[in-house]
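The structure displayed is predicted, hence computed values, not measured ones.
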Amino acid sequence: MSSTFRNYVDGAFADAADGRTLDVVDPTTGDVYATSPLSGAADVDAAMAAAAAAFPVWRDATPSVRQRALLRIADVMEARAEELVAAESRDTGKPLHLTLSEELGPAIDQVRFFAGAARMLEGRSAGEYMEGMTSIVRREPVGVCAQVAPWNYPLLMAVWKFAPALAAGNAVVLKPSDTTPASTVLLAEIIGGVLEELGLPKGIFNVVCGDRETGRLMVEHPTPAMASITGSVRAGIQVAQSAAKDVKRVHLELGGKAPAVVFEDADLVKAVEDLVVGGFFNAGQDCTAATRVLVHESVHDEFVAALAKAAAATKTGQPDDEDVLYGPLNNANQLAQVSGFVERLPEHARIEAGGHRVGDRGYFYAPTVVSGLRQDDEIVQNEVFGPVMTVQSFTDEDQAVAYANGVDYALASSVWTKDHARAMRMSRKLDFGCVWINSHMALVAEMPHGGFKRSGYGKDLSAYGFEDYTRIKHVMTSL
């Protein structure tokens with residue numbers, strides 16, 4: 001039986017105004033299992049109008065009201081955990097047990113974090129900086145936010161978008177990826193129910209389904225004051241260009257090519273265990289995934305052998321298999337992209353593990369380790385976004401830094417060493433928004449997530465991410 005997803009605008013579910021739809025595919029089989037709206041200009045107009053009408057009421061609500069709403073949303077998400085996990089897994093093929101523990105659990109915690117942040121919205125200054133004048137600084141919501149979420153973590157990224165925006169007093173129009181609308185539409189039902197229960201304007205949260213063109217219409221619409229996207233570098237550049245036409249604020253979390261720098265004194269057993277998860281979790285479809293392992297030449301061969309063995313023992317498979325670390329790639333295009341990188345490997349590269357599709361149904365790809373690579377190789381420079389880890393050898397700290405920083409991306413990185421001073425030196429020299437030491441991919445609501453260079457700008461999570469959804473106003477009074 002196929003499902004039909006619908007937009008959520010001003011408290012009501014609706015099809016696209018012109019009736020167009022998109023197929024939604026189950027990536028474990030490659031079969032269509034649902035349809036969702038292919039929204040056009042009329043749908044975007046309706047959602048923006050609803051958000052703009054609701055915004056003044058929400059903006060003027062006290063922080064305690066906003067906190068109460070977000071805490072209630074988190075409680076209902078927790079009560080409906082099984083439904084959310086099932087919806088997320090159906091769209092993505094993610095393992096059910098890991099989606100519950102590693103994604104939904106943190107997502108609920110993050111909503112609660114931003115509920116707390118809502119009560120901490122304040123300006124920094126109140127005082128006399130000019131004779132006879134008192135200055136105060138107000139921190140205000142920016143207005144309506146157009147938000148575009150990706151397909152790799154549909155539920156978690158929806159939370160990273162709406163929670164800080166609503167906590168700060170903004171109204172939201174959120175578009176999920178065309179391949180993964182299920183959990184976002186379910187979130188709309190949950191959030192809409194809470195807003196109705198608390199007597200709050202339903203238009204503060206709207207979901208518009210559609211494709212890249214729908215996203216462009218949202219970003220270029222005159223109503224939003226801010227556009228926020230998590231996606232590819234190409235998409236981010238297009239959003240920045242579109243937003244520039246009417247000087248919208250832009251928040252971009254784009255690609256990554258995270259290096260894991262392993263020194264000769266590292267705990268190699270722990271490094272292999274952690275990096276297998278850091279590289280292959282979610283089929284490597286993670287901007288912070290440990291895609292590039294840089295290993296000191298003295299332990300390179302030993303490390304590669306151990307990593308290849310651990311990769312070969314890592315399982316991909318169906319969502320209900322508890323032994324599985326990751327499910328399929330998200331869509332046919334992504335399978336083709338990952339396969340293409342491996343098929344185009346240069347002659348000097350060696351496939352140490354994997355390097356092939358798994359099965360002939362769905363979009364499964366084997367955990368893959370490639371060694372013998374050079375810094376200018378395509379697979380080192382460009383984002384694969386799949387379960388593929390590359391290994392390079394380095395001679396000293398300076399070369400490790402040069403290799404690590406020698407890509408266009410700058411989101412996340414890790415350093416593996418027992419030498420504290422070296423770890424501190426590396427954390428200063430690595431040009432990435434996050435540096436983990438003897439760990440990889442740990443995230444917590446209180447700390448910021450976001451990169452530099454072509455990985456974008458703006459932060460998710462933390463008080464820094466919260467402040468990105470606010471504007472600063474100076475008020476000066478004559479005494």
Side-chain angles (χ1 to χ4, degrees), residues 70 99 101-117 120 145 147-168 172 174 177 226-233 235-236 239 249-260 274-275 277-279 281-282 284-292 383 385 404-405 407-415 427 430-470:
L70 284 163
T99 305
S101 62
E102 304 304 312
E103 296 183 37
L104 183 61
I108 292 166
D109 178 67
Q110 288 155 9
V111 175
R112 289 180 174 139
F113 169 80
F114 285 115
M120 303 297 289
C145 299
Q147 301 185 315
V148 179
W151 48 251
N152 59 334
Y153 292 102
L155 177 68
L156 200 59
M157 295 301 101
V159 165
W160 286 21
K161 299 285 179 225
F162 85 74
L166 292 186
V172 165
L174 174 65
S177 168
M226 178 174 176
S228 170
I229 177 176
T230 299
S232 67
V233 173
V239 166
R249 186 182 292 212
V250 179
H251 186 279
L252 302 175
E253 201 271 85
L254 310 176
K257 196 72 187 168
D274 288 9
L275 289 175
V277 177
F281 184 84
N282 201 35
Q285 299 171 124
D286 189 310
C287 302
T288 66
T291 56
R292 294 186 297 142
E383 188 171 37
F385 221 57
N405 289 345
V407 294
D408 288 339
Y409 301 96
L411 183 59
S413 59
S414 62
V415 180
S427 66
L430 285 170
D431 190 18
F432 294 84
C434 174
V435 182
W436 288 291
I437 297 169
N438 297 322
S439 178
H440 197 101
M441 236 162 70
L443 292 172
V444 63
E446 290 85 352
M447 288 293 123
H449 176 277
F452 315 136
K453 291 160 59 175
R454 288 172 76 92
S455 291
Y457 44 81
K459 296 296 181 188
D460 289 310
L461 303 177
S462 79
Y464 302 98
F466 180 53
E467 288 180 359
D468 280 353
Y469 285 95
T470 68

**Heavy-atom check, side chain of F432 versus side chain of P259, under 4.5 Å** =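 Touching, per the 4.5 Å side-chain cut-off.
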
**Message:** Would you say that V277 contacts M441 through its side chain, given a criterion of any heavy-atom pair below 4.5 Å between the two side chains?
**Reply:**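 A side-chain contact is absent here, since even the closest heavy-atom pair is not under 4.5 Å.
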
Looking at [X] and [Y], what are the two nearest heavy atoms and their distance?
{"X": "L411", "Y": "C287", "answer": "CD2-CB, 3.3 Å"}
{"X": "P164", "Y": "F114", "answer": "CB-CE2, 3.6 Å"}
{"X": "A107", "Y": "V159", "answer": "O-CG1, 3.6 Å"}
{"X": "A258", "Y": "A289", "answer": "CB-O, 3.2 Å"}
{"X": "L275", "Y": "A290", "answer": "CD2-CB, 3.7 Å"}

[X] [atom1] to [Y] [atom2] distance, which is reported to the nearest 0.5 Å:
{"X": "F162", "Y": "L70", "atom1": "CZ", "atom2": "CG", "value": "7.0 Å"}
{"X": "D408", "Y": "E383", "atom1": "CG", "atom2": "CD", "value": "11.5 Å"}
{"X": "W160", "Y": "E253", "atom1": "CH2", "atom2": "CD", "value": "6.5 Å"}
{"X": "F466", "Y": "D460", "atom1": "CZ", "atom2": "CG", "value": "14.0 Å"}
{"X": "T99", "Y": "L155", "atom1": "OG1", "atom2": "CG", "value": "9.0 Å"}
{"X": "K453", "Y": "L254", "atom1": "NZ", "atom2": "CG", "value": "13.5 Å"}

Whether the side chain of [X] engages the backbone of [Y] through a donor-acceptor N/O pair (distance < 3.5 Å, no angle test) should be reported.
{"X": "H440", "Y": "T288", "result": "yes"}
{"X": "S455", "Y": "G255", "result": "yes"}
{"X": "S413", "Y": "C434", "result": "yes"}
{"X": "D468", "Y": "K459", "result": "yes"}
{"X": "Q285", "Y": "F385", "result": "no"}
{"X": "N405", "Y": "D431", "result": "yes"}
{"X": "R292", "Y": "A404", "result": "yes"}

**Request:** Decide side chain to side chain contact (heavy atoms under 4.5 Å, CB included) for K161 and V148; before the verdict, give the C-alpha distance in whole Å, the side-chain angles of both, and the deciding distance to 0.1 Å.
**Result:** CA-CA 8 Å; K161 299 285 179 225; V148 179; over 6 Å; no

**Request:** Report the C-alpha separation of S228 and Y469 in whole Å, then their side-chain angles, then the decisive distance to 0.1 Å, and conclude whether the side chain to side chain contact (heavy atoms under 4.5 Å, CB included) test is met.
**Result:** CA-CA 10 Å; S228 170; Y469 285 95; 3.1 Å; yes

**Prompt:** Should we say atom CZ of R454 is surrounded by more than 12 heavy atoms from elsewhere, each under 6.0 Å from it?
**Reply:**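 Not more than 12 within 6.0 Å, no.
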
**Asked** After noting the C-alpha distance and the side-chain angles of Y153 and D286, does the key distance pass the side chain to side chain contact (heavy atoms under 4.5 Å, CB included) rule?
**Response** CA-CA 8 Å; Y153 292 102; D286 189 310; 2.6 Å; yes

**Prompt:** Between V250 and Y457, is a side chain to side chain contact (heavy atoms under 4.5 Å, CB included) present by the stated rule, with each step listed?
**Reply:** CA-CA 8 Å; V250 179; Y457 44 81; 4.0 Å; yes

